[in-house]
There are 2 protein chains.
Amino acid sequence: MRKARNVSPTPARERALRRLEDLCREHGERLTRPRRAVLATLLSARRPLSAYELLDLLRAEDGKSTAASVYRTLDFLRALGIVHRLESTRSFVLCEHLEGPHWVQFLICRRCGQVVEAEDERIAAATERLGQRLGFALDQRIVELTGVCEGCRASAACHWRPGAR
Amino acid sequence: MRKARNVSPTPARERALRRLEDLCREHGERLTRPRRAVLATLLSARRPLSAYELLDLLRAEDGKSTAASVYRTLDFLRALGIVHRLESTRSFVLCEHLEGPHWVQFLICRRCGQVVEAEDERIAAATERLGQRLGFALDQRIVELTGVCEGCRASAACHWRPGAR
DNA sequence: CTATATTTGATACAAAGTATCATCTGCGCC
DNA sequence: GGCGCAGATGATACTTTGTATCAAATATAG
């Protein structure tokens, strides 16, 4: 009766939840219902969600999430490295690189909203070098590249007007 | 009586205002009082300001700024490229590179709040390359690198506790 | 100086995020 | 399997950040 019926029990979902379980054990953190629920919801959305979109989806399931609890849980999952916040759109996505800590870059299509998570060695090296050159010991690197993806460029080509964004 | 008395008429201030004047003429935009005021305030603060910090400072001068007008003006100055928004701290800074359009990176010290604006050719090239590789025509690149600056590392060295942020 | 298209100021509101604290619960231990 | 309790949650209230609307004011071309 309280089960999440409209969240598909796909292999991807099982994998993500298992990963969360492992990470919690590894870090000596508790695996709780809201943590599972946020992860599963973010996974099944398959796109970035604002904290309040996420809140609405969670409430549809369990009825007792709040803004505070959603933000707390998102902070937790971010600390584990399995959720990222897109600063430029104030939204949250599931991390696509499930192995270890890493520096990622996001490419965001301003037409369709598609987000690609990349792990580019050259950018990692260049930012590290810049940090060193300017005397900074870096511990966080936000790289968000916005533009128009291939598909959108193709499909919008004939309707293109210079003024439009 | 209505003049901004506690804003120093430094050469830097004159230069920035002249630049704003030029840009407005160039783009066929109006040079208005709030636009000058926001620029001058941001300049004299010499650090990133949140929109509401800026609002408070402006109100101390003219008494009739509002959140809406501040955001409008910031959007305007950002479109001209002379103000940047730091996504990671939700604050606004005057651009340090006053010549032409450009891609910049920010280095932010999480201890003292110092912000350095860089224009690194390697990062520019690497991000462009990544965009091409993934089929994105990029038009905006947010690069914000957070860490601890040289001065703070030096001065905090003896008090350092691993747990502290 | 005048005409007018833009911008502003005022108001109200929406969205995003945080603080506090009593209650509940995951999980290590028996 | 059940107990105890550190740590997490839910509830509430609040702060910060950002937008929409529209009548009144004003920067600039002529």
Side-chain angles (χ1 to χ4, degrees), chain A residues 2 17 20-42 48-80 83-93 165, chain B residues 2 17 20-39 41-42 48-80 83-93 163 165:
Chain A
R2 190 64 57 82
L17 288 174
L20 175 60
E21 201 176 332
D22 292 348
L23 278 170
C24 283
R25 203 177 4 257
E26 226 172 89
H27 289 76
E29 300 283 1
R30 291 191 189 171
L31 179 52
T32 67
R33 215 153 97 71
R35 288 170 184 180
R36 267 190 291 254
V38 166
L39 187 73
T41 304
L42 227 32
L49 295 178
S50 78
Y52 280 77
E53 284 177 321
L54 186 48
L55 176 57
D56 288 343
L57 291 171
L58 288 166
R59 274 221 254 251
E61 286 296 329
D62 66 11
K64 52 187 193 285
S65 298
T66 65
S69 70
V70 168
Y71 278 105
R72 260 194 317 243
T73 306
L74 285 170
D75 286 346
F76 175 83
L77 296 174
R78 287 209 284 157
L80 287 187
V83 162
H84 297 298
R85 185 191 136 100
L86 296 180
E87 303 290 335
S88 53
T89 56
R90 293 154 231 227
S91 61
F92 301 85
V93 259
R165 290 201 323 154
Chain B
R2 190 63 57 83
L17 288 174
L20 175 60
E21 201 176 332
D22 292 348
L23 278 171
C24 283
R25 204 179 0 261
E26 227 171 90
H27 289 75
E29 299 283 1
R30 290 191 190 172
L31 179 52
T32 67
R33 215 154 96 71
R35 288 169 184 179
R36 267 190 291 254
V38 165
L39 186 73
T41 304
L42 228 30
L49 295 177
S50 77
Y52 280 78
E53 283 177 321
L54 185 49
L55 175 57
D56 288 343
L57 291 170
L58 288 166
R59 274 220 255 252
E61 286 296 329
D62 66 10
K64 53 187 193 285
S65 297
T66 65
S69 71
V70 168
Y71 278 104
R72 259 194 318 242
T73 306
L74 285 170
D75 286 346
F76 175 83
L77 296 174
R78 287 209 285 158
L80 286 186
V83 162
H84 297 298
R85 184 190 136 101
L86 297 180
E87 303 290 336
S88 53
T89 56
R90 293 153 230 227
S91 61
F92 301 85
V93 260
R165 289 201 324 154

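The figures that follow rest on heavy atoms only: side chains count, while hydrogens, waters and symmetry mates do not. Being a predicted model, the structure only gives us computed values, none of them experimental. In what follows, every chain begins at residue 1, and chains take the letters A, B, ... in the order their sequences are listed.
Rounded to a whole Å, the CG atom of A/L86 is 13 Å from the P atom of C/dA16. Spacing between atom CG of B/D75 and atom P of D/dG18 amounts to 10 Å, rounded to whole angstrom units. Look at CG on A/L55: it is 14 Å from P on D/dT12, rounded to the nearest Å. What separates OH of A/Y52 from C1' of C/dA14 is a distance of 11 Å, to the nearest Å. At whole-Å resolution of the value, CZ in A/R25 and P in C/dG26 are 16 Å apart. Put simply, CG on B/L54 is 12 Å from P on D/dG18, counting in whole angstrom units. Taking atom CZ on B/R90 and atom C1' on D/dT16, their separation rounds to 9 Å, with Å as the unit. Atoms CZ (B/R78) and C1' (D/dT17) sit 13 Å apart, rounded to a whole Å.
Residues that satisfy the salt bridge (charged side-chain N to carboxylate O under 4.0 Å, His left out) test with A/R25, not counting sequence neighbours, are A/D22. B/L17 meets the side-chain contact (heavy atoms from CB on, under 4.5 Å) test with B/R13, B/R36, B/L39; sequence neighbours excluded. Judged as a side-chain contact (heavy atoms from CB on, under 4.5 Å), and not counting sequence neighbours, the contacts of A/P48 are A/L86, A/S91, A/V93, A/V115. Scanning for salt bridge (charged side-chain N to carboxylate O under 4.0 Å, His left out) contacts around A/E29 gives an empty result, with sequence neighbours left out. B/R59 is linked by a salt bridge (charged side-chain N to carboxylate O under 4.0 Å, His left out) to nothing, counting only residues two or more places apart in sequence or in another chain. Take A/L77 and apply the side-chain contact (heavy atoms from CB on, under 4.5 Å) test, not counting sequence neighbours, and it matches A/L20, A/V38, A/T73, A/I82, A/V83. Applying the side-chain contact (heavy atoms from CB on, under 4.5 Å) rule to A/R90 yields the partners A/R85, B/R85; only residues at least two apart in sequence or on another chain are considered. Taking B/D56 as the reference, nothing meets the side chain to side chain donor-acceptor pair (under 3.5 Å) condition, with sequence neighbours excluded.
Annotation: side chain of B/R33 is in contact with side chain of B/D62 (closest heavy-atom distance under 4.5 Å).
Here the closest heavy-atom approach between residue A/V70 and residue A/A51 is recorded as CG1-O, 3.8 Å.
Note on the helix from C/dC1-D/dG30 to C/dC30-D/dG1: terminal axis deviation equals 50°, with five pairs used at each end and the result rounded to 10°.
Contacts classified as salt bridge (charged side-chain N to carboxylate O under 4.0 Å, His left out) and involving residues 70-80 of chain B (residues at least two apart or in different chains) are given here: B/D75-B/R78.
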Under 3.5 Å, which protein N or O atoms sit close to an N or O of nucleotides 23-27 of chain D? Give each pair with its distance.
from   : atom 1 : to    : atom 2 : distance (Å)
D/dT26 : O2     : B/R30 : NH1    : 3.4

Under-3.5 Å N/O pairs linking protein and nucleotides 9-12 of chain C:
from   : atom 1 : to    : atom 2 : distance (Å)
C/dG9  : N7     : B/R72 : NH2    : 2.7
C/dG9  : O6     : B/R72 : NH1    : 3.0
C/dA10 : OP2    : B/K64 : O      : 3.4

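Place B/E53 and A/T73 on DNA chain D by their nearest nucleotides, and A/T73 ends up nearer the 5' end.
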